[in-house]
Amino acid sequence: MALPFRKKTVSTDTLPEQLPKHIGFIMDGNGRWATKRGMPRKFGHREGAKNFHDLTRYCRSIGIQNISFYVFSTENWKRPQEEVDAIMDLLWQYLNDCDEYLEQEVRMIFIGDKSRLPERIQKRMLELEADSAKYNKMNLLLAINYGGRDEIKHAAQEIAAEVKAGTLQPDQITEDTISQHLYTKDVPDVDLLIRPSGELRLSNFLIWQCAYAEYYFTNVLWPDFSREELNKALVEYSKRGRRFGGV
């Protein structure tokens, strides 16, 4: 009798020594996960949020210093209002259940344009950023109402204002100048960008910060992107030759 096929697994014991300093996650596939099961899309977002919680804990436990999650893009406002409202309600619930991260000395950073978000969410974001500002065990960046082009536009406007005020000369503008005017200032660029769900694009996420990132794509939908799936991505990352334009 033939033996059943057993998938090869990757445990923490077999993780590579060299781990990325910054992992970016595009949490894609929540709606499709729910639709495949005959449920409304909002249930997929709920399951995706649970997975986000678990992977955040896991990254903290294995020593990843910086993680970024694409929560809600500047383009996501185009989705059906019912779905947008469900995401905002879920976000509000999440923001009021962050004591675990504070207890683990995780610094929370919200990147994106806060001004369009509900006032209570804006206020809670600012509170969490202030309460966790002194922590350094891990930086947790949440991109909410975020777009990479919008971020670069915002940085350009700030730099232009400094030039107009005479505090900065055009020939003094460097790549570091731009980086320090981004929402992610003082956070290292992305080393590994992970996108589940089978899509093969950045979708306007951290486009400046991902200039030399290694990309990892998989057909697994976000709610099913487990610790085991992340381990596979980390092993694959360790095999990449990162030369940054050199030889």
Side-chain angles (χ1 to χ4, degrees), residues 7 23-59 67-101 106 108-125 127-128 140-151 193-207 215-233:
K7 247 168 70 173
I23 303 177
F25 293 95
I26 299 178
M27 300 188 290
D28 196 16
N30 292 327
R32 276 169 283 170
W33 184 92
T35 301
K36 284 176 62 176
R37 290 161 175 77
M39 298 186 294
R41 289 173 59 88
K42 64 182 181 181
F43 287 98
H45 294 299
R46 188 173 300 171
E47 289 303 309
K50 292 178 183 177
N51 195 43
F52 155 77
H53 273 291
D54 186 62
L55 286 182
T56 299
R57 296 187 196 102
Y58 183 59
C59 286
I67 53 174
S68 300
F69 290 91
Y70 208 2
V71 179
F72 192 85
S73 77
T74 50
E75 291 77 29
N76 286 156
W77 297 106
K78 302 173 186 176
R79 294 187 176 190
Q81 190 60 47
E82 181 182 1
E83 183 175 350
V84 171
D85 291 342
I87 292 172
M88 290 298 144
D89 288 342
L90 192 61
L91 176 59
W92 175 246
Q93 294 171 26
Y94 161 75
L95 293 176
N96 285 291
D97 189 27
C98 289
D99 290 344
E100 176 184 351
Y101 300 134
V106 172
M108 301 190 68
I109 303 171
F110 297 94
I111 62 175
D113 180 5
K114 297 181 178 71
S115 65
R116 191 174 175 182
L117 299 169
E119 187 175 345
R120 63 176 182 172
I121 289 179
Q122 294 183 47
K123 182 179 178 182
R124 184 60 178 151
M125 286 177 170
E127 290 174 351
L128 289 169
L140 169 60
L141 289 81
L142 301 180
I144 303 172
N145 194 28
Y146 172 89
R149 289 183 174 182
D150 185 69
E151 177 183 32
L193 188 283
I194 296 175
R195 180 167 193 164
S197 84
E199 304 293 350
L200 306 177
R201 56 181 178 268
L202 278 179
S203 293
N204 205 17
F205 181 53
L206 298 177
I207 53 179
Y215 295 171
Y216 181 86
F217 299 109
T218 173
N219 290 326
V220 176
L221 299 177
W222 174 253
D224 294 326
F225 189 82
S226 62
R227 297 183 179 197
E228 171 67 19
E229 293 296 332
L230 176 54
N231 289 346
K232 293 177 185 177

Colleague: Does the side chain of Asn76 reach to within under 4.5 Å of the side chain of Val84, using non-hydrogen atoms?
Modeller: no
Colleague: Do Asn51 side-chain atoms and Phe225 backbone N/O form a donor-acceptor pair below 3.5 Å?
Modeller: yes
Colleague: Taking atom types as modelled, is there a side-chain donor on Asp97 or Gln93 under 3.5 Å from an acceptor on the other?
Modeller: no
Colleague: Is the side chain of Tyr146 donor-acceptor paired with the backbone N or O of Leu206 at a distance under 3.5 Å, no angle test?
Modeller: yes
Colleague: Closest approach of Ile144 and Met125, non-hydrogen atoms and distance?
Modeller: CD1-CE, 3.4 Å
Colleague: Ion pair present between Glu47 and Arg37, side-chain N to carboxylate O less than 4.0 angstrom?
Modeller: no
Colleague: To the nearest 0.5 Å, tell me how far Leu90 CG sits from Asp85 CG.
Modeller: 12.5 Å
Colleague: Go through the steps to decide whether Asn204 and Glu75 satisfy the test side chain to side chain contact (heavy atoms under 4.5 Å, CB included), and finish with yes or no.
Modeller: CA-CA 9 Å; Asn204 205 17; Glu75 291 77 29; 3.5 Å; yes
Colleague: Determine the minimum heavy-atom distance between Glu199 and Phe217, stating which atoms define it.
Modeller: O-CD2, 3.3 Å
Colleague: Regarding Arg120 and the six-membered ring of Trp92, is the cationic atom NZ or CZ under 6.0 Å from the ring centre and inside 45° of its axis?
Modeller: yes
Colleague: Roughly how far apart are Cys59 SG and Leu140 CG, rounded to 0.5 Å?
Modeller: 9.5 Å
Colleague: Of all heavy-atom pairs between Gly198 and Asn219, which one has the smallest distance, and what is that distance?
Modeller: CA-OD1, 3.3 Å
Colleague: Return yes if some donor-acceptor pair links the side-chain N/O of Arg32 with the main-chain N/O of Ser197 below 3.5 Å, else return no.
Modeller: yes
Colleague: Identify the two heavy atoms, one from Arg57 and one from Arg227, that lie closest to each other, and give their separation to 0.1 Å.
Modeller: CB-NH2, 4.4 Å
Colleague: If you count every heavy atom of other residues, nucleotides or ligands that lies below 6.0 Å from Arg46 atom CZ, does the total exceed 12?
Modeller: no
Colleague: Show, in sequence, the C-alpha distance, side-chain angles and deciding distance for Phe25 and Phe52, and conclude whether the side chain to side chain contact (heavy atoms under 4.5 Å, CB included) test is met.
Modeller: CA-CA 9 Å; Phe25 293 95; Phe52 155 77; over 6 Å; no
Colleague: Show your reasoning for whether side chain to side chain contact (heavy atoms under 4.5 Å, CB included) applies to Leu221 and Lys36.
Modeller: CA-CA 11 Å; Leu221 299 177; Lys36 284 176 62 176; 4.0 Å; yes
Colleague: Run through Tyr94, Tyr58, Tyr101 and flag the one making a side chain to side chain donor-acceptor pair (under 3.5 Å) with His53.
Modeller: Tyr101
Colleague: Any donor-acceptor pair under 3.5 Å linking the side chain of Arg41 with the backbone of Ala34?
Modeller: no
Colleague: Quick one: does Ile121's side chain get under 4.5 Å of Lys114's, heavy atoms only?
Modeller: no
Colleague: Are any of the side-chain heavy atoms of Leu128 and Phe110 separated by less than 4.5 Å?
Modeller: yes
Colleague: With a 4.5 Å limit on heavy-atom distance, are the side chains of Thr218 and Lys232 in contact?
Modeller: no
Colleague: With no hydrogens and no angle check, is any side-chain donor or acceptor of Tyr70 less than 3.5 Å from a backbone partner on Ser203?
Modeller: yes
Colleague: Looking at Trp33 and Gly44, would you say the former's side chain and the latter's main chain have a donor-acceptor pair under 3.5 Å?
Modeller: no
Colleague: Once rounded to the nearest 0.5 Å, what's the spacing between atom CG of Leu141 and atom CD1 of Ile23?
Modeller: 12.5 Å
Colleague: Quick one: pull up OH in Tyr215 and CG in Leu193 and give me the separation to the nearest 0.5 Å.
Modeller: 6.0 Å
Colleague: For the residue pair Gly29 and Pro223, what are the closest heavy atoms and their distance?
Modeller: O-CD, 4.2 Å
Colleague: Which is it for Val220 and Ser226 under the side chain to side chain contact (heavy atoms under 4.5 Å, CB included) test, yes or no, and what are the steps along the way?
Modeller: CA-CA 9 Å; Val220 176; Ser226 62; over 6 Å; no
Colleague: For Asn145, is there any backbone N or O sitting under 3.5 Å from a side-chain donor or acceptor partner on Asp113?
Modeller: no
Colleague: Rounded to the nearest 0.5 Å, what's the gap from OG1 on Thr56 to CE on Met108? Could you check?
Modeller: 8.5 Å
Colleague: Taking the ring centre of each residue, are Phe72 and Trp77 less than 6.0 Å apart?
Modeller: yes
Colleague: Do Phe69 and Leu142 come close enough that some side-chain heavy atom pair is under 4.5 Å?
Modeller: yes
Colleague: Within a strict 4.5 Å, meaning less than it, do heavy atoms of the Ile194 and Glu229 side chains meet?
Modeller: no
Colleague: Could you check whether any side-chain heavy atom of Asp54 comes within less than 4.5 Å of a side-chain heavy atom of Lys50, counting everything from C-beta outward?
Modeller: no
Colleague: Output the distance between atom CD (Glu83) and atom CE (Met88), rounded to the nearest 0.5 Å.
Modeller: 11.0 Å
Colleague: In terms of heavy-atom contacts, does CD of Gln81 have more than 12 from other residues, nucleotides or ligands at under 6.0 Å?
Modeller: yes
Colleague: Are more than 12 heavy atoms from other residues, nucleotides or ligands located less than 6.0 Å from atom CD of Glu82?
Modeller: no
